[in-house]
Chemist: 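Take a look at the following structure, please.
Every chain is numbered from 1, with letters handed out A, B, ... down the list of sequences. Computed from a prediction, not measured in an experiment: that's the story for all the values here.
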2 protein chains.
Amino acid sequence: MELSDRQKIILTLVVHEYIRTASPVGSKNLVEQYQLDMSSATVRNELGLLTEMGYLRQPHTSAGRVPTEEGYRYFVERLLRRTELPDSTQFMISHQFYQTRPDVDEWMKLAASILASQSHAASLITPPHSDKTRFKHVELVATRGQQILMVLVLLGGEIRQRFVTLDESFNQEKLSTTADHIRTFVQGMTADEILSRQNQTQGLEKTALGWIMDELHSVSSTTGEVFLDGLTNVMAEPEFSGNDDARRALRVLEERSLLQEVLERTAANSSIGGVQVIIGGEGTWEELRPFSMVLGRYGKPGLATGSLGVLGPLRMSYGRTISTVRFLSGLLSSLLMDTMVE
Amino acid sequence: MELSDRQKIILTLVVHEYIRTASPVGSKNLVEQYQLDMSSATVRNELGLLTEMGYLRQPHTSAGRVPTEEGYRYFVERLLRRTELPDSTQFMISHQFYQTRPDVDEWMKLAASILASQSHAASLITPPHSDKTRFKHVELVATRGQQILMVLVLLGGEIRQRFVTLDESFNQEKLSTTADHIRTFVQGMTADEILSRQNQTQGLEKTALGWIMDELHSVSSTTGEVFLDGLTNVMAEPEFSGNDDARRALRVLEERSLLQEVLERTAANSSIGGVQVIIGGEGTWEELRPFSMVLGRYGKPGLATGSLGVLGPLRMSYGRTISTVRFLSGLLSSLLMDTMVE
DNA sequence: TTTAGCACTCTAAAGGCGAGAGTGCTAAAC
DNA sequence: GTTTAGCACTCTCGCCTTTAGAGTGCTAAA
């Protein structure tokens with residue numbers, strides 16, 4: 001099923017042109033637009049072949065050709081050559097990051113916003129998250145009554161807070177001492193390791209260890225909130241002009257659980273710096289059929305990693321989007337490296 | 001400009017019917033639908049009067065009537081009688097809150113989701129936030145190198161984290177001691193009060209106080225992230241069926257700064273438990289012209305308060321929405337009361 | 001193998017038409 | 001004086017037809 005050079009060129013051009021204009025592209029138009037040195041009839045023959053092979057399709061007889069999912073896939077995997085973002089753009093982006101205050105949330109918001117504007121699509125990003133969560137630091141703060149605020153810092157820098165109620169009330173001093181002791185006692189441990197040690201303790205300390213294990217468990221089972229940006233971009237695309245399509249698009253983005261699933265599933269296969277492209281849901285996610293996603297990961301493997309990516313129409317500008325995602329994932333990783341709690 | 005009783009009834013019915021059907025309501029229809037004991041001609045006369053007074057308008061000659069912004073306003077302020085949510089609904093909602101783990105973020109998400117589904121519109125909510133930010137607790141955590149993680153707890157329970165870089169590196173023990181001392185030294189103070197005391201300190205402690213004041217300032221100038229839910233609801237309304245309208249609606253919701261401005265401006269005038277209704281942007285916000293908002297506040301005044309509300313089409317179901325907002329703001333306030341750091 | 005020519009197909013935009021809903025006005029009825 | 005029946009008029013909306021245009025596939029010649 002190898003394509004001839006000419007077929008590759010034509011497929012590339014069809015994809016380009018369709019991405020540009022969003023309307024089916026015909027043979028004559030193609031020849032004129034790109035000044036090909038062959039006639040429209042020749043192109044027509046090739047188009048017919050490519051259609052037979054399943055890379056193109058016609059919305060109806062006597063309409064131009066539109067890439068199929070397979071067409072996009074072939075294009076992305078075989079025809080798209082790797083490009084880097086222009087230096088000026090890279091610089092512009094980096095600059096913005098170094099101007100904000102060093103805060104993971106800020107960075108995420110900024111990354112989402114940049115990604116959305118660069119790709120003209122919706123962007124998404126999850127906070128850095130570790131799958132093997134280890135204890136780093138705990139703090140117990142007396143509030144009023146029997147309420148205690150527990151602040152938990154994990155290896156990797158994630159922070160969790162939680163309110164707990166006790167039967168008796170403790171003063172801040174007692175709480176601080178307990179926290180101090182816990183810190184050295186279970187430094188760097190996982191929930192399981194802490195469990196095996198819990199019996200050596202008693203009273204408040206034992207209770208607190210229980211909360212900590214709870215939190216550690218709950219952290220490893222959740223994948224932080226998905227940040228979104230650029231929702232309007234995807235609505236602006238003509239294929240989502242109908243009210244119903246538009247709503248469906250929005251629904252996908254609002255339905256965080258689907259996104260989380262896709263991100264998690266994809267996370268398994270992708271390494272930091274590697275970019276994955278999911279075209280039309282890849283047969284697995286029905287709701288994603290009219291969309292493509294470009295996903296990357298950032299962070300430090302084993303310590304804490306997050307995903308970032310773009311959701312747009314099938315006819316998104318893959319080259320530009322892929323290089324943007326790759327660049328941003330690298331940038332975020334290095335920014336994060338400096339603030340990792342080890 | 002006082003309306004007769006009959007005019008009030010008719011205006012109410014027009015608003016009701018238009019909210020229900022989303023299409024202009026005519027005299028005949030009105031009489032049949034509500035079995036009024038007058039003829040359509042009489043109703044027609046009253047409609048003409050109401051139109052002259054500016055409470056109704058006709059999309060074109062020979063179409064039914066549609067409420068104007070003034071019409072909605074009159075309806076909400078004078079004709080809508082205060083109702084409470086049915087007991088069963090109240091119970092159902094409370095139940096959901098007590099089932100989640102006690103975490104402000106969780107509550108906010110839940111509140112947004114309930115509000116969206118109850119009102120069939122988009123909901124928004126901001127985290128509890130204090131305008132006079134006071135220090136409650138600080139923690140300094142050694143990471144690697146010269147990076148330090150500072151976790152700051154404010155009176156009211158807000159938590160801020162931040163990474164800072166130092167010229168020299170300190171061990172955890174030194175950091176803990178410093179944090180301990182700071183805690184007692186500036187307990188409950190505002191940024192200004194801390195400033196007047198900073199000169200009594202030196203070294204790491206002085207530096208840390210600087211960071212803390214920075215954070216306190218930055219907290220009081222920001223209003224936390226606006227949570228959103230139910231975006232698809234507003235898209236489902238027929239008045240936003242056109243692609244362009246839909247995008248504009250979405251843009252309003254994505255443009256957080258506008259929302260923040262509205263929320264802040266409104267916060268000034270509204271007390272806990274009071275609900276404000278903003279119809280058509282009230283002449284101030286052009287982008288909000290096609291929308292209505294129902295806003296409430298929750299929390300404990302002076303300590304920490306947040307806003308919650310709904311953004312929907314002008315023809316939203318005001319009665320139901322208002323009572324939902326009122327109920328949720330009360331519920332959130334009491335939930336929060338238990339976890340307030342004082 | 002490529003190209004010119006041609007008959008054919010299908011969409012999308014534009015125009016025309018009729019049904020239906022609603023209005024305002026007038027004159028009669030209460 | 002208020003209410004109502006009757007009526008002519010207006011305007012939209014959905015439906016149909018028509019038409020222009022773009023694109024195709026096929027055939028036969030270069």
Side-chain angles (χ1 to χ4, degrees), chain A residues 3-11 13-15 17-18 20-68 71 238-239 241-243 245, chain B residues 3-11 13-18 20-68 71 238-239 241-243:
Chain A
L3 299 190
S4 72
D5 281 355
R6 192 165 67 188
Q7 287 170 336
K8 288 182 185 173
I9 291 175
I10 289 180
L11 178 53
L13 292 183
V14 170
V15 171
E17 190 65 5
Y18 185 64
R20 208 172 61 83
T21 64
S23 50
V25 356
S27 52
K28 196 169 165 211
N29 203 320
L30 214 47
V31 174
E32 283 173 6
Q33 206 73 37
Y34 296 94
Q35 289 147 20
L36 301 184
D37 51 356
M38 44 190 144
S39 79
S40 68
T42 312
V43 174
R44 214 144 49 229
N45 287 333
E46 299 286 26
L47 289 180
L49 255 23
L50 285 168
T51 307
E52 235 170 64
M53 289 187 265
Y55 294 126
L56 298 177
R57 68 184 174 82
Q58 305 175 264
H60 35 260
T61 346
S62 96
R65 301 309 209 284
V66 169
T68 60
E239 45 262 76
S241 67
N243 189 28
D245 303 316
Chain B
L3 298 190
S4 73
D5 281 356
R6 192 165 66 188
Q7 287 169 336
K8 288 182 184 172
I9 291 175
I10 289 180
L11 178 54
L13 292 183
V14 170
V15 170
H16 261 127
E17 191 65 5
Y18 185 63
R20 207 172 62 81
T21 64
S23 50
V25 355
S27 52
K28 195 168 167 213
N29 203 320
L30 214 48
V31 174
E32 284 172 7
Q33 206 73 36
Y34 295 92
Q35 288 147 19
L36 300 183
D37 51 355
M38 45 191 142
S39 79
S40 67
T42 313
V43 174
R44 216 147 43 233
N45 286 334
E46 298 288 28
L47 289 180
L49 255 23
L50 285 168
T51 306
E52 235 169 65
M53 289 188 265
Y55 293 127
L56 298 177
R57 67 184 174 82
Q58 304 175 264
H60 35 261
T61 348
S62 96
R65 302 308 210 285
V66 169
T68 60
E239 45 263 75
S241 67
N243 189 28

Chemist: Got a donor-acceptor contact below 3.5 angstrom from the Thr51(B) side chain to the Arg57(B) backbone?
Modeler: no
Chemist: For the helix from dT1(C)-dA30(D) to dC30(C)-dG1(D), measure the angle between the helix axis at one end and the axis at the other, each built from five pairs, rounding to 10°.
Modeler: 20°
Chemist: Applying salt bridge (Lys or Arg N to Asp or Glu O under 4.0 Å), name anything that partners Lys28(A), two or more places apart in sequence or on another chain.
Modeler: none
Chemist: So which heavy atom on Pro67(A) is nearest to which on Leu56(A), and how close?
Modeler: CA-CD2, 3.7 Å
Chemist: Heavy atoms, side chains only, cut-off 4.5 Å: are Leu50(A) and Leu3(A) in contact?
Modeler: yes
Chemist: Calculate the interatomic distance between Glu32(B) atom CD and dG20(C) atom P; express it in whole Å.
Modeler: 15 Å
Chemist: Spell out protein contact along nucleotides 10-30 of chain D as letters: B when the base is contacted, S when just the sugar-phosphate is, - when no protein heavy atom is under 4.0 Å; keep the 5' to 3' order.
Modeler: BBS----------BBB-----
Chemist: If you round to the nearest 0.5 Å, how far is CD of Gln33(B) from CG of Leu13(B)?
Modeler: 10.0 Å
Chemist: Nearest 0.5 Å, what's the CE-CZ distance between Met38(B) and Arg44(B)?
Modeler: 13.0 Å
Chemist: So which atom in Asn29(A) and which in Glu17(A) form the shortest heavy-atom distance, rounded to 0.1 Å?
Modeler: OD1-OE2, 4.4 Å
Chemist: For the atom pair CZ (Arg65(B)) and CG (Leu47(B)), what is the distance rounded to the nearest 0.5 Å?
Modeler: 5.0 Å
Chemist: Using atom CZ of Arg57(A) as one end and atom P of dC10(C) as the other, report the distance to the nearest whole Å.
Modeler: 17 Å
Chemist: Just how far, in rounded Å, is C1' of dT4(D) from CG of Leu36(B)?
Modeler: 15 Å
Chemist: What integer distance in Å separates Leu49(A):CG from dT2(C):C1'?
Modeler: 14 Å
